[in-house]
Number of protein chains: 2
Amino acid sequence: MFSIGELSKRTGVKIPTIRYYEHIGLMDAPERSEGNQRRYTKQGLKCLSFIRHSRELGFSLDDIKGLLELNQQPGSPCKNAHLIAIRHLTEVRVRLTKLRRLERELKRISACRADSIESCAVIETLADHSLCETDH
Amino acid sequence: MFSIGELSKRTGVKIPTIRYYEHIGLMDAPERSEGNQRRYTKQGLKCLSFIRHSRELGFSLDDIKGLLELNQQPGSPCKNAHLIAIRHLTEVRVRLTKLRRLERELKRISACRADSIESCAVIETLADHSLCETDH
DNA sequence: ATAATCCCTCTAGTAGCTATAGGTTCAAGG
DNA sequence: CCTTGAACCTATAGCTACTAGAGGGATTAT
């Protein structure tokens, strides 16, 4: 049996965040001590680790809810899990592409060597889209 | 003189968002018509375009506030604008690195060909960090 | 017994919007 | 001039995923 503080230490998830996950129904409410404090079992630890790890991989809480449910139906096909993962992968790739373009643009405008605002490439570029190298 | 709707069309920024920018002090409150409707000048259009473009490049509203202020002090050195841009570039690079790792990991786990939850790599990996290829 | 540390609930705040409700104004057509 | 429909107004609440604080009770070690 772990207290919420122990669970927090073991998973690296902050205490208010754990309570928040319970509040929104992502984690089951655990048993309580006589004095009304949360007492978690290994099950709770596993669940929270799963959530934490999924968050690190950037899954939304909604996606995680879906994955947790799939996980709790033994024998179910894992096609849905794949759908969620692949959709997420697609999103990540879109973001990657955007960020790469962004990096190029920022690198370019940061390289300006003017010393007053009137001729600063940073400001000029932000004010006028047509000075950009690429669309966005 | 533009109405808020026209401004919205010209910049691609939604109407409630424009009002929101005014509300938080990012844009100056424009003059009003007799019937209390907002009437913008070219100045307002320029300002909103600047904001929009900066947002597309991922600057926070706080950063944009700073950049706009710099822009309004002619003759000021543009060092600060560069600081903001370079700090942002650094953040973008950090995010890029993380996203690249993420993409590799997602690609790997999505490639699983099992057909039931028990042996699905997506679920297994999420449940057990030690199965990951890299740290995160 | 007491002090230190932990835990409880509840509310409000963060970023950057978006949506809704309920009402007013504008511009064009008859 | 009058009507109608689109566009506008304010104010409030909601979204994601938390985080921080207030004001109080529980647990644990000495």
Side-chain angles (χ1 to χ4, degrees), chain A residues 1-27 29-41 44 47-48 50-68 84 87-88 91-92 95 98 102, chain B residues 1-27 29-40 44 47-48 50-68 84 87-88 91-92 95 98 102 136:
Chain A
M1 288 295 203
F2 317 110
S3 69
I4 197 169
E6 258 176 315
L7 202 65
S8 171
K9 257 178 223 150
R10 280 168 188 251
T11 57
V13 178
K14 285 178 187 154
I15 292 175
T17 306
I18 299 174
R19 289 198 276 245
Y20 171 72
Y21 288 160
E22 181 184 325
H23 180 70
I24 61 167
L26 194 60
M27 285 186 77
E31 293 185 17
R32 298 287 181 126
S33 71
E34 297 212 341
N36 198 35
Q37 300 194 353
R38 290 171 179 81
R39 292 294 176 259
Y40 294 90
T41 63
C47 175
L48 188 54
F50 187 101
I51 295 171
R52 155 109 213 256
H53 194 189
S54 305
R55 286 296 295 145
E56 278 172 351
L57 292 180
F59 287 95
S60 71
L61 294 185
D62 236 42
D63 279 348
I64 296 173
K65 209 163 189 169
L67 290 167
L68 278 169
I84 293 175
R87 177 166 48 72
H88 182 48
E91 285 163 17
V92 165
R95 266 193 286 158
K98 282 191 191 158
L102 200 57
Chain B
M1 288 296 205
F2 317 110
S3 69
I4 196 169
E6 258 176 316
L7 202 65
S8 168
K9 256 178 226 152
R10 281 169 188 253
T11 57
V13 178
K14 286 179 188 152
I15 292 174
T17 305
I18 300 174
R19 289 199 276 245
Y20 170 73
Y21 288 160
E22 181 185 326
H23 179 71
I24 62 168
L26 194 59
M27 284 186 78
E31 293 186 16
R32 299 287 182 124
S33 71
E34 297 213 341
N36 197 35
Q37 300 195 352
R38 291 171 179 80
R39 291 295 175 257
Y40 295 90
C47 174
L48 188 55
F50 187 100
I51 295 171
R52 157 111 213 255
H53 194 187
S54 304
R55 286 296 297 146
E56 278 172 352
L57 292 180
F59 287 95
S60 70
L61 295 185
D62 237 43
D63 279 348
I64 296 172
K65 208 164 189 168
L67 290 167
L68 279 168
I84 293 174
R87 178 166 47 73
H88 182 49
E91 285 163 15
V92 165
R95 266 193 287 158
K98 281 190 192 160
L102 200 59
H136 35 245

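The sequence lines fix the lettering, A, B, ..., with proteins before strands; numbering per chain opens at 1.
Counting heavy-atom neighbours within 6.0 Å of B:E31 CD, excluding the residue itself, gives a total of 12 or less.
Whole-Å rounding puts the A:F2 CZ to C:dC7 P distance at 13 Å. For the pair B:E34 CD and C:dT25 P, the interatomic distance rounds to 11 Å; values are reported in whole Å.
At least one donor-acceptor pair under 3.5 Å links the side chain of A:H88 to the backbone N or O of A:L57.
The structure places CD1 of B:I4 at 5.0 Å from CZ of B:R19, a figure rounded to the nearest 0.5 Å.
Salt bridge annotation for B:E56-B:R52: present, with a cationic side-chain nitrogen under 4.0 angstrom from a carboxylate oxygen.
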Base, backbone or nothing for each nucleotide of nucleotides 1-23 of chain D, written B, S, -, heavy atoms under 4.0 angstrom, 5' to 3'?
-------SSB------BBB----
Solution key, residues 8-17 of chain B side-chain donor-acceptor pairs under 3.5 Å, sequence neighbours excluded:
{"unit_1": "B:S8", "atom_1": "OG", "unit_2": "B:V13", "atom_2": "O", "d": "2.8"}
{"unit_1": "B:T11", "atom_1": "OG1", "unit_2": "B:L7", "atom_2": "O", "d": "2.8"}
{"unit_1": "B:T11", "atom_1": "OG1", "unit_2": "B:V13", "atom_2": "N", "d": "3.3"}

